[in-house]
Amino acid sequence: MKSITEAKKLAAALSSEFGCGDLHINVQMHRGDSWISIDMYQNSNEPERLLATVDFDTGARLLVDESTTLH
């Protein structure tokens with residue numbers, strides 16, 4: 001996913017600029033009557049990994065998939 005690659009670059013830039021270790025980024029997007037939320041977490045012990053969860057709030061409360069680690 002191109003957006004995850006760009007998020008990893010943003011996480012690296014923010015960590016470098018502010019000298020922080022762990023990083024947590026939360027993005028919420030409104031589409032029609034629905035919300036899409038992306039939670040991203042970067043652990044300072046594994047800076048090459050960005051853990052992310054995506055929640056599609058469609059109002060139907062459907063389980064899209066189990067949590068998956070994106071690389």
Inset, instruction - To the nearest 0.5 Å, tell me how far Lys9 NZ sits from Leu14 CG. - result: 14.0 Å
Legend entry - Distance, nearest 0.5 Å, that separates OG of Ser37 from NE2 of His30: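 Reported to 0.5 Å precision, the distance equals 11.0 Å.
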I want to check something: taking the side chain as every heavy atom from C-beta on, are [X] and [Y] in contact at a cut-off of under 4.5 Å?
{"X": "Ile36", "Y": "Arg31", "value": "yes"}
{"X": "Trp35", "Y": "Gln28", "value": "yes"}
{"X": "Asp22", "Y": "Tyr41", "value": "yes"}

Legend entry - Qualifying residues under salt bridge (Lys or Arg N to Asp or Glu O under 4.0 Å), relative to Glu46, sequence neighbours excluded: Arg49
Legend entry - Sole candidate of Thr53, Leu51, Val27 that passes side chain to side chain contact (heavy atoms under 4.5 Å, CB included) when paired with Met40: Val27
